Amino acid sequence: MNSAPRRNPDRIPGSASSSSDGALSRPAGPPDAEPHAAWLPEAAFAAIGRRRVAIRGDGALVGTVAAEVAAATAAHGGSFTRLESGSGVSDADLVLTLTEDDDADLPSPPPPTTSRAGDHANLPRGRASTERNDVVGAQRGGVGAQDDVVGEQDGGDESFRVSREDGAVVVEAACDQGLLYGFFHVARLGEAAFDGPDLVERHAPASGLRMLDHWDNVAVHAVMGQVERGYAGGSIFFADGKVRADLSRVEAYARLLASTGINRVAINNVNVHAREARLLTDDLPHVARIAAAFRPWGIRVHLSVSFAAPMTLGGLGTSDPLDPAVASWWRDAADRAWAEIPDFGGFVVKADSEGQPGPFAYGRDHADGANMLAAAVAPHGGIVHWRAFVYDHRQDWRDRSTDRARAAHDHFAPLDGRFAENVIVQVKYGPMDFQVREPVSPVIAAMPDTRVALELQVTQEYTGQQKHAVYLGRQWSEILNFDFAGPDRDDARHAPDSDATPKSDAAPGSDAAPNSADPSHALPPTSVAGIVARSGGIVAVSNAGDDEFWTGHPFAQANLYAYGRLTWDPTADPDALLDEWVALTFPDAAADVVHALHTILDESWETYERYTSPLGVGFMVRPGHHYGPDVDGYEYTPWGTYHFADRDGIGVDRTVATGTGYAGLYPEPWASLYESPATCPDELLLFFHHVPYTHVLHSGKTVIQHIYDTHFDGVERVESFVAAWDRVRGSLPDDGAADRADRVGLADRVGLADRVGLADRVAERLAEQLRSATEWRDQVNTYFYRKSGVPDERGRTIY
Ligand code: GCU
């Protein structure tokens, strides 16, 4: 594998309309500064690069596409032509074209029954769903009203159309952003894009808001470090207490993200410390440089801001959201931000959460706080992402009536309908905190008159911290396709056939044209994806840093990749996305290497679940850094994350009948399903119920025997991962490691010394995964054996 050249579109004259086959030169820089190519090695562009490619259209992102094509064709022997506007479609093998007024076959807009949060995001074009459902009610779909508030800004149509006739492919898009996505679509398919029967397909993202949040600090935080919950080295944005001078990493990152469909990035930690607060003021010119690095890739930058900024930065005596001076301070701040960064996205806010300042200090609520900020950014078309991660982190562990799982619902559901149109309430997928298994947060279905975003965690805080190989695509797919209308509805969901539509069946350009590849057609309005797609979209905490493999564990790249692809199409099969990532990242890999990758990654999420906390009860991690087992680590703390194990049983009674009532926050049939141990799914049993160790699961096992069996089995699975990698690691193609071998300082920072090469990095991490899994197994099994006194029926070693 080779490191891919970073392609800066600015290096190609974007306005060039003449024929060009010029190679894009590699940006200057020492070879050791070059990160791993991830899923965009040069080989990923071979199919395009070998062909005659023509591009028609103008626009910044067309320049990006042109630079990509120029580099690919230069590397692989094809040719590249820029067609004049108005010229006919050439005889090229691949034509990438913006549609022009006189084009007969414009890509069709989404059919009226589909909804696209893009319409809300930039607030746009009035195509949101008017569907209603009985369970969760219609989400805020009043498009006209939103147009008034935010208006149309960049908001381009991100869709594209692909047609193939006799092996020649035409990608058409109404906007340059769509053309960029169409280009990466063809690259992803490789030769398959040019093979096969004639077809016409239209592709559009399910949601217009597809975002990553970085928890990066400008100054290294004494406890949390440079990147809070970061497991991939330092920040790609910040070093030495300021924005980096060299943002070439950011450009390369933006390219990777754009290839998966991400279109927004918040660059700093939601916990906004004193230094980071100044990104909004003193540092704006430098934030503008970051925005410029993202811009050619269709990605807009957002900032996390401190609710106390009017006091800490503005010198006011209050941050009361209803104080006119405070509102005015925020308006000025927003005006300055947009003056510096015309396509700035908006603010992310963690308020009244884990010590962050917020409106509660003034007797105001979250709607008061969010709406004040929303008014400040509205004239610029900005968005306020207001996080719903609000709970009492100082609760008394003796008090069993307070339930952290209820907190977000208790705080936010009563505010439904009060948030401004450009406020997005950002809800973590589960009611607790990014655990390996949690029920889907009921808040997502509880605010039909509020724009809601789903928040996922790509960074593996509670899932092995990028030392463990854990592919999370399956978890996210399960969450996205969770249907509040009930489990049966999952099966009823119409999954789109992503195969090509025969051209003969499609009337090109018409709404009636079958569009098998447009995911917005397939989202039930009551599913998580269906709700957020036409509302606030999807957000996740990024897992990337300045590590040479981007993500610490090279296999954690698969999570970043799959996350982006799922934001575009939440119905995508996560196993197929893993196949895609493998094929792109390891293009030359032999079959046995591919087999090993699947052996390790396919069921890695389930494996992690097996050797850590059982049956949905969560946590049991070391307090503070959250790595490794500590069954009682949080049991007698104020954090609200308890398992309540005693000699008789374990689990949290969250029933309506005898517990905290949390189960009743779900619509039917889920409320009833979760309420009874007889119907509660095994994997969530201990989240909802306190049961004896001898309780028999649907699987037929007792809880205690399930704990023993899964923990022994989990470690055996990790042993098989190690063996699988040992068998193939020697045969991996060169990954450019020699060029990067002197980056040991970086390796040291992520806790691994003297590594060279992907194969070795993976081997080191797998060894640590096995050590850690064994530690988990032995501590968890021993803890519950000692508590319960029930021996393992198979007599295995428990201490
Ligand atoms: C978790 C995490 C924190 C983070 C918080 C959040 O609790 O451990 O580091 O700040 O989530 O999402 O705000």
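For the numbers below, each heavy atom of this structure counts, side chains included, while hydrogens, waters and symmetry mates do not. We count residues from 1, following the sequence as given. Keep in mind that this is a model prediction, so the values were computed, not measured. When a ligand or atom number is given, it counts from 1 through the structure's own listing order.
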Test of ring centre spacing under 6.0 Å for [X] and [Y]:
{"X": "His214", "Y": "Tyr253", "result": "yes"}
{"X": "Tyr608", "Y": "His468", "result": "yes"}
{"X": "Tyr391", "Y": "Phe389", "result": "yes"}

Whether Tyr429 and Phe434 hold their rings parallel, tilted or perpendicular, with breakpoints at 30° and 60°: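 Answer is tilted, since the angle falls between 30° and 60°.
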
Ring geometry between His393 and Trp639 (parallel below 30°, tilted from 30 to 60°, perpendicular above 60°):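 Answer is tilted, since the angle falls between 30° and 60°.
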
Could you list, one pair per line, each nitrogen or oxygen of ligand 1 together with any protein nitrogen or oxygen closer than 3.5 Å, giving atom names and the distance rounded to 0.1 Å?
| unit_1 | atom_1 | unit_2 | atom_2 | d |
| --- | --- | --- | --- | --- |
| ligand 1 | 7 (O) | Glu354 | OE2 | 3.2 |
| ligand 1 | 7 (O) | Asp433 | OD2 | 2.7 |
| ligand 1 | 8 (O) | Arg229 | NE | 3.0 |
| ligand 1 | 8 (O) | Arg229 | NH2 | 2.9 |
| ligand 1 | 8 (O) | Glu461 | OE2 | 2.4 |
| ligand 1 | 9 (O) | Glu228 | OE2 | 2.5 |
| ligand 1 | 9 (O) | Arg229 | NE | 2.8 |
| ligand 1 | 10 (O) | Glu228 | OE2 | 2.9 |
| ligand 1 | 10 (O) | Asn271 | ND2 | 2.8 |
| ligand 1 | 10 (O) | Lys350 | NZ | 3.0 |
| ligand 1 | 11 (O) | Lys428 | NZ | 3.0 |
| ligand 1 | 12 (O) | Arg387 | NH1 | 3.4 |
| ligand 1 | 12 (O) | Arg387 | NH2 | 2.6 |
| ligand 1 | 12 (O) | Lys428 | NZ | 2.7 |
| ligand 1 | 13 (O) | Lys350 | NZ | 2.6 |
| ligand 1 | 13 (O) | Arg387 | NH1 | 2.8 |

Contact summary for Gly345 and Arg264, nearest pair of heavy atoms: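 Taking Gly345 first and Arg264 second, the nearest heavy atoms are CA-NH1, 3.9 Å.
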
